[in-house]
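One structure is given here, and the rest of the page talks about it.
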2 protein chains.
Amino acid sequence: MTKEHRITRQRMVILDELRKVSSHPSADDMYEIVRKILPRISLGTVYRNLEVLTEMGLIRKLEINGGVMRFDGDVSKHYHLNCVQCGKVFDIPEDEVSIQFSSDTVNGFHVIDYTLNFVGLCDKCNNSKSA
Amino acid sequence: MTKEHRITRQRMVILDELRKVSSHPSADDMYEIVRKILPRISLGTVYRNLEVLTEMGLIRKLEINGGVMRFDGDVSKHYHLNCVQCGKVFDIPEDEVSIQFSSDTVNGFHVIDYTLNFVGLCDKCNNSKSA
DNA sequence: CTGGATGCAAAGGTTTTGCACGCTA
DNA sequence: TAGCGTGCAAAACCTTTGCATCCAG
């Protein structure tokens, strides 16, 4: 049978805090955030829980720009834009983008899922650039 | 002015070999491939050249599934599918997919580029699964 | 010749893991 | 009470970098 997942204080706090922020933090960012509430938590525990929560479908793991993994407490369908100027990651609602491919079979391959990430300039950086 | 880039034997062999394969190799894969031709080449040189060749636009750097970086000698526009079964990466021609968003401004963001990767089953794995 | 490129090895940064103890269910 | 989870620290991994030497232009 599937492995049992207990609700520990650490796991709960990590999930709660991740859901509060919109910054798409890295594991280390989460470590710093959670440490303010649970000062004795270890980085390993943060990594392990982010992994477990991802498996459970409660959070999403993002691979935005080849570097570190980022995490998202919002599991609803949406895309991301990585600002080349400030490096921050922003949400792009699903309905802003239209993507189509031959149902579940593209070029002989059975498509299960896809990831779509945008690279560009956020509102703030775009304005300060033209100023 | 822009930094000069010399044509060294190592750089040439790396580019040639990458163009020959369709496996989207990692830096370490490339190291093993190139080592058969230049046994004394170092891993650092492979990394440095893959970086330079990417800057020069002669190859592409791919971030397929959060793990290691992979490289592609084909710089024409196309997408990739990562097979969940065998882990290999396959090309998907541009015309198999249609993607649209509000020109260069999506949700207030200035879009410069985007990456689209598919996850699924390759032809081979899909067939052996149903067998 | 000049300075970009290489080989080697060490360092850097992120993520994983072994182990003894703690705590949830 | 069983065994999953935790804290700590070491290890594993991938990638970058310092340095003396080499070589392309």
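Note that the coordinates shown come from a computational prediction; the quantities given were computed from them, not determined experimentally. By convention in this document, chain letters (A, B, ...) are assigned in the order of the sequence lines, proteins followed by strands, and residues within each chain are numbered from 1. Computed from heavy atoms alone, side chains included, the values below leave out hydrogens, waters and symmetry copies.
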For the residue pair D72(B) / H80(B), report whether a side-chain donor-acceptor contact shorter than 3.5 Å exists.
yes
Do any side-chain nitrogens or oxygens of T8(B) fall under 4.0 Å of OP1 or OP2 in dT6(C)?
yes
Can you measure Q10(B) atom CD to dC22(D) atom P for me and round it to whole angstrom units?
14 Å
Do F90(A) and F118(A) make the cut of ring centroids closer than 6.0 angstrom?
no
N49(B) atom CG is separated from dA5(C) atom P, nearest whole Å, by 8 Å
Can you tell me the distance, in whole Å, between the CE atom of M12(B) and the C1' atom of dA24(D)?
14 Å
Quick check on DNA chain D: between R40(A) and G67(B), whose nearest nucleotide comes earlier from the 5' end?
R40(A)
On DNA chain D, compare the nucleotides closest to P39(A) and G44(B); which residue's is nearer the 5' end?
P39(A)
Send over the distance from L38(B) CG to dC8(C) P, rounded to a whole Å.
12 Å
With sugar-phosphate meaning primed atoms plus P, OP1 and OP2, does I41(B) contact a base, only sugar-phosphate, or nothing at under 4.0 Å between heavy atoms?
sugar-phosphate
In whole angstrom, give the distance that lies between atom OH of Y31(A) and atom P of dT14(C).
14 Å
Among the nucleotides dG7(C), dT2(C), dC23(C), which one has an atom lying closest to any side-chain atom of R6(B)?
dT2(C)
Could you check, using the six-membered ring where one of them is a Trp, whether F101(B) and Y114(B) have ring centers closer than 6.0 angstrom?
yes
Where the side chain of V68(A) is concerned, which of dC8(C), dT15(C), dC4(D) is the nearest nucleotide?
dT15(C)
Between dC8(C), dG5(D), dT15(D), which nucleotide has the shortest distance from any of its atoms to the side chain of S42(B)?
dC8(C)
If a pair satisfies salt bridge (Lys or Arg N to Asp or Glu O under 4.0 Å) and one of its residues is in residues 24-36 of chain A, list it, with sequence neighbours excluded.
E32(A)-R35(A)
For R11(A), report the nucleic acid contact type (base, sugar-phosphate, nothing); a contact means any heavy atom under 4.0 Å.
sugar-phosphate
When the distance from CD of E63(A) to P of dT15(C) is rounded to whole Å, what number comes out?
12 Å
Would you mind telling me which residue lines up with the more 5' stretch of DNA chain C, H5(B) or Y47(A), judged by nearest nucleotide?
H5(B)
If you measure from CD1 on I59(B) to CG on L18(B), what distance do you get to the nearest 0.5 Å?
5.5 Å
Value in whole Å for how far the P atom of dC14(D) lies from CG of D29(B):
10 Å
Check the phosphate of dG7(C) against T45(B), side-chain N and O only, distance under 4.0 Å to OP1 or OP2. Yes or no?
yes
Is it the case that dG4(C) (base atoms only) and R48(B) (side chain only) share a donor and an acceptor within less than 3.5 Å, ignoring hydrogens and angles?
no
To the nearest 0.5 Å, how far apart are CG in N117(B) and CD1 in I92(B)?
9.5 Å
Specify the separation, in whole Å, of atom CG of L43(B) and atom C1' of dA10(C).
13 Å
Using a 4.0 Å heavy-atom cut-off across all strands, classify R9(A) as base, sugar-phosphate, or nothing.
nothing
Check every strand shown and say whether D28(B) touches a base, only sugar-phosphate, or nothing at a heavy-atom separation below 4.0 Å.
nothing
